[in-house]
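Working notes, beginning with the structure itself.
Computed over heavy atoms, backbone and side chain alike; hydrogens, waters and symmetry mates excluded. The structure displayed is predicted, hence computed values, not measured ones.
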Amino acid sequence: IGTYRENMVTDSAGTFERELKPGQDYTVIVSKPGFMPEIVDFETEANDEPKKIIIDAELRRGPFIFLEGLVVDGKREIVLPEANLHIVEADSQEELMAFKSRKDGRFWRTMGLTENFSIIATFEHYLTARIDVVTDGRSDTLNANLQLFPLELNSVAKIVYYDYDRSALRIFGRRDLAEIVYFLQDNPEVRVTLESHTDARGSAAYNEKLSRRRAESAYRYLVDHGIDPDRVQTIGFGEAQLVNDCGDGVPCDEDKHQQNRRTEVRIVGVDVQIHREKDRRNEVQEVPAEQLEEKEYERGQIDFREEVRQR
């Protein structure tokens, strides 16, 4: 899987056959225009015993969302095998489905149309990641690539930017802080510091006060949206930690000044017990073996063991 793909067409009876390699992971996607595809994941055993796998796919008419994606380590850019994936309804957060990515980090799923939903990915010792999706009521294909980052102290989870000489959150800032609310809800084990900064225009004393107001503005937003105040600290650095060379008297364009007007959300604490409980709660259980029906039979001179996967 991930390195080889083949398209096949069923015969007039709706069947197909293909010889597969032992010890490999496979995904079969059965599709037809106007019908919701069926997806079957399975692996072949790493031995020489002949086996026939029969997949019973029942296609239903109707609109659908086809999800395909990849789960990777956002820092090292490597795949995360068998990551936990949960799809939840956006407003109620009710779980619609849960499954694992493949060993190569890829996944494929189909789902009926819903107005909006979220895809949540978890992996042991990593921060939870989320993608929010809004649909337009029509069948569509969604490429959902999720980046998960290791749970590390002193890492910056998000940056919120500000307009010149203002402490109030602008529209983009509010959207970013809404993502931080979700981040803190999805990762209840972390504590953060809101570290606010200004550009170098204006006096150092004024900028220090301005940065404190910016940090407090972000703090109020998080607390007003249900985040425990004990999990959030604030600090204002003024113009002391510029990210570029736009210091006092240095001519810079507005885009470079904008880079300095920011609040960084930095992870400063982790509750290990809560983190372990989160990992346990989000672990997706594999499909029970009793859902597979096995029987042995003889065909010609070769013994086969048949697996029937009910859909």
Exercise for the section: Would you kindly say whether Asn244 and Asn260 are connected by a side-chain donor-acceptor distance under 3.5 Å? Expected result: yes

Exercise for the section: Using only heavy-atom distances, determine whether the side chains of Asp271 and His275 contain a donor-acceptor pair under 3.5 Å. Expected result: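 No.
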
Practice task
Answer yes or no: is there an ion pair linking Arg212 with Glu216, defined by an N-O contact shorter than 4.0 Å?
Solution key: no

Problem - Salt-bridge present (Glu277, Arg280; N to O < 4.0 Å) - result: yes

Exceeds 12 heavy-atom contacts within 6.0 angstrom, atom [atom1] of [X]:
X	atom1	answer
Asp11	CG	yes
Arg281	CZ	yes
Lys256	NZ	no

Hey, could you give me the [atom1]/[atom2] distance between [X] and [Y], rounded to the nearest 0.5 Å?
X	Y	atom1	atom2	answer
Leu80	Ser101	CG	OG	7.5 Å
His257	Arg201	NE2	CZ	4.0 Å
Asn207	Ser196	CG	OG	12.0 Å
Ile119	Met97	CD1	CE	9.5 Å
His225	Gln185	NE2	CD	9.5 Å
Gln258	Cys252	CD	SG	13.0 Å

Does [X] share a hydrophobic cluster with [Y], counting links as ILVMFWY side-chain heavy atoms below 4.5 Å and allowing steps through other members?
X	Y	answer
Val79	Ile131	no
Leu85	Leu96	yes
Val265	Val232	yes
Ile120	Trp108	no
Leu242	Ile159	no

Exercise for the section: Please examine the side chains of Val190 and Leu127, heavy atoms only from C-beta on, and report whether any two atoms are closer than 4.5 Å. Expected result: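 Leu127 reaches Val190 side chain to side chain.
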
Practice task
Under the side-chain contact (heavy atoms from CB on, under 4.5 Å) rule, what do Gln233 and Glu195 come out as? Steps first, then yes or no, please.
Solution key: CA-CA 9 Å; Gln233 303 171 2; Glu195 302 177 355; over 6 Å; no

Exercise for the section: Tell me, with the steps shown, if Asp104 and Arg102 meet salt bridge (Lys or Arg N to Asp or Glu O under 4.0 Å). Expected result: CA-CA 5 Å; Asp104 63 356; Arg102 302 299 304 270; 5.7 Å; no

Problem - Geometric class of the Phe123/Tyr126 ring pair [parallel <30°, tilted 30-60°, perpendicular >60°] - result: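 It falls in the perpendicular class, over 60°.
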
Handout entry: Geometric class of the Phe237/His197 ring pair [parallel <30°, tilted 30-60°, perpendicular >60°]
Key =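 Parallel, since the angle between the ring planes stays under 30°.
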
Where do [X] and [Y] come nearest, in terms of heavy atoms and distance?
X	Y	answer
Glu264	Arg266	OE1-NH2, 3.1 Å
Val71	Ala83	CG1-CB, 3.8 Å
Pro188	Lys278	CD-CD, 3.9 Å
Glu82	Lys100	O-NZ, 3.6 Å

Exercise for the section: Using modelled atom types only, decide if a donor and an acceptor are shared between the side chain of Glu77 and the backbone of Gly74 within a distance under 3.5 Å. Expected result: no

Exercise for the section: Please name the residue in the list Val192, Leu222, Leu194, Ile227 that meets the side-chain contact (heavy atoms from CB on, under 4.5 Å) test with Ile180. Expected result: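 That would be Leu222; it is the only one of Val192, Leu222, Leu194, Ile227 passing the side-chain contact (heavy atoms from CB on, under 4.5 Å) with Ile180.
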
Exercise for the section: Can you spot which of Leu146, Thr27, Leu70 makes a side-chain contact (heavy atoms from CB on, under 4.5 Å) with Phe107? Expected result: Leu146

Problem - Check against salt bridge (Lys or Arg N to Asp or Glu O under 4.0 Å), Arg276 and Glu124 - result: CA-CA 8 Å; Arg276 289 173 178 167; Glu124 188 175 11; over 6 Å; no

